[in-house]
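One structure below.
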Amino acid sequence: MTLEKAHELIAMHSSLGSGYNRNAARMVLGEVMRDFGQEAVDALIREYELEKQWQIKPGTKFESAFKS
């Protein structure tokens with residue numbers, strides 16, 4: 001996954017806002033964690049205010065469902 005695609009997906013899911021979208025956003029963050037690391041994940045959390053929306057805090061470790 002590219003960071004551009006991650007931005008698109010997180011933006012879409014955060015705009016829809018349901019619990020299902022929260023889970024999907026967490027999956028995307030797991031992929032970003034695997035491919036780009038914690039700094040990229042924290043940047044997405046801050047940019048889309050995921051802490052305010054879904055209590056997803058910067059520094060949270062996410063795991064990808066898909067191993068690299």
Side-chain angles (χ1 to χ4, degrees):
M1 176 176 305
T2 65
L3 282 177
E4 182 178 302
K5 185 64 175 176
H7 276 274
E8 285 177 29
L9 291 170
I10 295 291
M12 178 192 65
H13 289 299
S14 68
S15 71
L16 295 172
S18 77
Y20 293 111
N21 297 106
R22 177 184 187 270
N23 290 336
R26 291 177 61 87
M27 289 179 65
V28 172
L29 293 172
E31 294 300 301
V32 171
M33 174 74 90
R34 183 191 72 190
D35 294 341
F36 301 101
Q38 188 69 50
E39 285 184 30
V41 169
D42 290 348
L44 286 167
I45 291 170
R46 287 185 186 101
E47 182 173 344
Y48 295 99
E49 299 180 336
L50 300 182
E51 185 171 8
K52 187 186 319 181
Q53 185 171 10
W54 290 317
Q55 295 76 47
I56 298 174
K57 298 178 182 194
T60 302
K61 306 286 186 210
F62 294 92
E63 289 189 18
S64 171
F66 308 102
K67 302 299 177 198
S68 55

Please report the closest heavy-atom contact between [X] and [Y], naming both atoms and the distance.
X	Y	answer
W54	G17	NE1-O, 3.5 Å
S14	Q53	O-NE2, 2.7 Å
K52	Q55	O-NE2, 3.8 Å
K57	I45	O-CD1, 3.6 Å

Spacing of [X] atom [atom1] and [Y] atom [atom2] [to the nearest 0.5 Å]:
X	Y	atom1	atom2	answer
F62	L44	CZ	CG	10.0 Å
M27	M1	CE	CE	9.0 Å
I10	R26	CD1	CZ	11.0 Å
E31	L9	CD	CG	10.5 Å

| request: Apply the side-chain contact (heavy atoms from CB on, under 4.5 Å) test between L50 and each candidate in T60, I56, V41; give the one that qualifies. | output: I56
| query | Does the side chain of H7 reach to within under 4.5 Å of the side chain of E47, using non-hydrogen atoms? | reply | yes
| query | Do L3 and D35 touch side chain to side chain, with heavy atoms closer than 4.5 Å? | reply | no
| message | Check whether E63 reaches the backbone of M33 with its side chain - one donor and one acceptor, N or O, closer than 3.5 Å. | response | no
| query | Does G59 offer a backbone N or O that forms a donor-acceptor pair with the side chain of D42 under 3.5 Å? | reply | yes
| Among side-chain atoms of Y48 and H13, is any donor-acceptor pair under 3.5 angstrom? | no
